[in-house]
Amino acid sequence: MIVGKQKPLDEIWSMIKSHKNVLVLGCNTCVAVCHEGGNKEAEILSSLLRMRASQEESGIAVTNSGVERQCEHEFFDSVKDAIEAADAVLSTACGIGVQFIAEKFPTTVVYPGLNTTFLGAVEKIGVMKEKCQACGNCVLGETAGICPVARCAKRVLNGPCGGSTKGSCEINKEVDCAWQLIVNRLNALGQMDRYETLAPIKDWSTDRAGGPRKQIREEIQE
Amino acid sequence: MSQQRAVKTDSKLEKILAAGHLAVTSECGPPRGSDPDVITHKGNMLKEYVDVVNITDNQTSMTRMCSLAACIRLKQLGVEPVLQMVTRDRNRIALQSDILGAASFDITNVLCLSGDHQSFGDCPNGQNVHDLDSMQLIQTVRYMRDEGKFLGGDDIKRPPKMFVGAAANPFADPFEIRVPRLAKKIAAGVEFIQTQCIYNLDKFELWMKQVRDRGLHEKVYILAGLTPFKNAGMAKYMRSRVPGMDVPDDVVKRMSDTPKEKQAEEGLNICIESIERLKQIEGVHGFHIMAIEWEEKVPEIVKRAGLWPRPEVS
Ligand code: SF4
């Protein structure tokens, strides 16, 4: 899923404070799972902003609403009017949702309430970790199911580097060395012989390096 | 040294190794400024005592004068340089381009590294590139040299003739893949290895035994890395703060049990004793002496270790 983190309230306030009528719009899928941008968090954020407005004696009106996903047209029917009535929307979706609103509502100002942080998993409640960078050319079949592109600080494809220490990455003891994890798992799978296969120079044209990506399913395309 | 290997480049280092001599290399970090005298001074100091001098490439991610310019300066002094290249800061276009630039000055040695993470240096907020990794850089230089082609497939006019090296850290984790990893670098095309600084000689001997068990010492020249301690503080720092470094407690104790004014001398003693012991290990083809900001001690180390005068090759 996509993981996000709410921006600091001061930063949010400085974005919206010049408006009169702001709608905080939650997104109830990925960013709800990490408890940062779901409809419940949007409601809490909007009440925090109302408190801030009264402290600052600003006349700004802050309301909230939410949708299931801000990245698909079909979910917007119920909030279209509320969006059009607002003079700015503070979206607590990931960056995709924010841009989707900007495209759909060309005359409405939209701000991001979150920083989109990474593509990750819920390791345990309250702990999300990055797992994938959507490089467009998956190598997990060669790396025992652990991604060196997303999880190695140097995206070393033939790792580990010389900085791997007691299972940790050289950048920080708190970060697992992806290559230690790969070696552990190759061991557990009885596939250590595969370690010596050289990973070829990677084609990064499917990554962000190749420019904005687009994907079409011809048979269902409208 | 038993085996004779064919010489493929004009590298003095390669010729010395192929002739069966123990090679001595050193390194010098370019300045954090544009003063050319820093390199000239260090180069002159090392000139008669080592075969080649590595120029580090923005080591520890601190922005410095570029390795290539400093290598050219060394070359002009008559000191043969080893161009260190990290994959952190340049993509495959820039790496190939710099390799050609170096080759145009007949720089004949390259050391392929991934580089420390940028968070250690003065630009922790910068991007890193890592388009290739160090093994893929080894493959790239070999491909450019042996096939005479760019990665993109086009022919290179006057391909770079470089002797290709890499680093190996016998002490990094996980230990069980330290030898397979060397094998992998050899498969990628590496021809010489400079190791991480060795303080844990027992562990290094174990690694070398595993290297010999697979016959790898006959496929690559291994230069044992050494860094003399200037004082006990440095030994402690290297033990606890430098990733991938293995400094046994008894070595630290030996330094800290020595009175302050004698510690520098003791650091040199440890270094020279280590060289003597490393000379006995089959498959060690030479020494890489990294006297960090202490280059003036290299001549003394080389002499006291019985590695002077340096052999002449043509
Ligand atoms: S220590 Fe491991 S995870 Fe960190 S940069 Fe090196 S190989 Fe990658």
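Every chain is numbered from 1 and lettered A, B, ... according to where its sequence line falls, protein lines coming before strand lines. Basis for what follows: all heavy atoms, side chains included, without hydrogens, waters or symmetry-related copies.
- No part of A/D207 comes within reach of chain B, as not one of its non-hydrogen atoms sits under 4.5 angstrom from that chain.
- Around the CD atom of A/Q221, the shell of radius 6.0 Å holds more than 12 heavy atoms that belong to other residues, nucleotides or ligands.
- The minimum heavy-atom distance between B/N169 and A/G162, with the atom names listed, is ND2-O, 3.3 Å.
- Put simply, of A/G159, A/C169, A/A209, A/C177, the one with the most heavy-atom pairs under 4.5 Å next to chain B is A/G159.
- Summarising the geometry of A/R155 relative to B/H130, their closest heavy-atom pair is NE-O, 2.9 Å, with the distance given to 0.1 Å.
- Interface check for chain B: of the options A/L198, A/L157, A/V156, the most heavy-atom pairs under 4.5 Å are formed by A/L198.
- No more than 12 heavy-atom neighbours from other residues, nucleotides or ligands sit within 6.0 angstrom of CD on B/Q127.
- Crowding of A/K173 atom NZ: a count of heavy atoms from other residues, nucleotides or ligands under 6.0 Å not exceeding 12.
- Other residues, nucleotides and ligands contribute more than 12 heavy atoms inside 6.0 Å of the CE atom of A/M192.
- The shortest distance between side-chain heavy atoms of A/P160 and B/I177 falls below 4.5 Å.
- Atoms CG and CG, from A/N158 and B/L137 in turn, are 12.0 Å apart once rounded to the nearest 0.5 Å.
- For B/F171, no part lies near chain A; criterion is any non-hydrogen pair under 4.5 Å.
- No more than 12 heavy atoms of other residues, nucleotides or ligands lie within 6.0 Å of CD1 in B/I93, so this atom counts as exposed by the packing criterion.
- Looking at B/R88 and A/K154, their side chains never come closer than 4.5 Å, going by heavy atoms from C-beta outward.
- Without hydrogens or angle criteria, A/E170 side chain to B/G244 main chain gives no donor-acceptor distance under 3.5 Å.
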Side chain to side chain contact (heavy atoms under 4.5 Å, CB included) assessment of B/R92 paired with A/W204: CA-CA 11 Å; B/R92 63 190 77 178; A/W204 292 110; 3.3 Å; yes

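- A/K40 NZ: 12 or fewer foreign heavy atoms inside a 6.0 Å radius.
- For chain B, the nearby part of A/K202 is the backbone; its heavy atoms alone come within less than 4.5 Å.
- To the nearest 0.5 angstrom, A/C161 atom SG is 7.5 Å from B/R181 atom CZ.
- Between B/Q139 and A/I201, the closest heavy-atom pair is OE1-CG1, 4.5 Å.
- Residue contact with chain A, scored on non-hydrogen atoms closer than 4.5 Å, is absent for B/V242.
- Considering only heavy-atom pairs separated by less than 4.5 Å from chain A, the leading option among B/D116, B/L132, B/N128 is B/D116.
- Counting heavy-atom neighbours within 6.0 Å of A/R213 CZ, excluding the residue itself, gives a total above 12.
- Enclosure of atom CD in A/E43 is not indicated, since only 12 or fewer non-hydrogen atoms of other residues, nucleotides or ligands lie within 6.0 angstrom.
- Only the backbone of A/T197 comes within less than 4.5 Å of a heavy atom of chain B; no side-chain atom from C-beta onward does.
- B/L151 touches chain A through its side chain: at least one heavy atom from C-beta onward sits under 4.5 Å away, while N, CA, C and O do not.
- The minimum heavy-atom distance between B/K184 and A/E196, with the atom names listed, is CG-O, 3.8 Å.
- Interface remark: B/T140 contributes side-chain atoms only to the contact with chain A (heavy atom separation under 4.5 Å).
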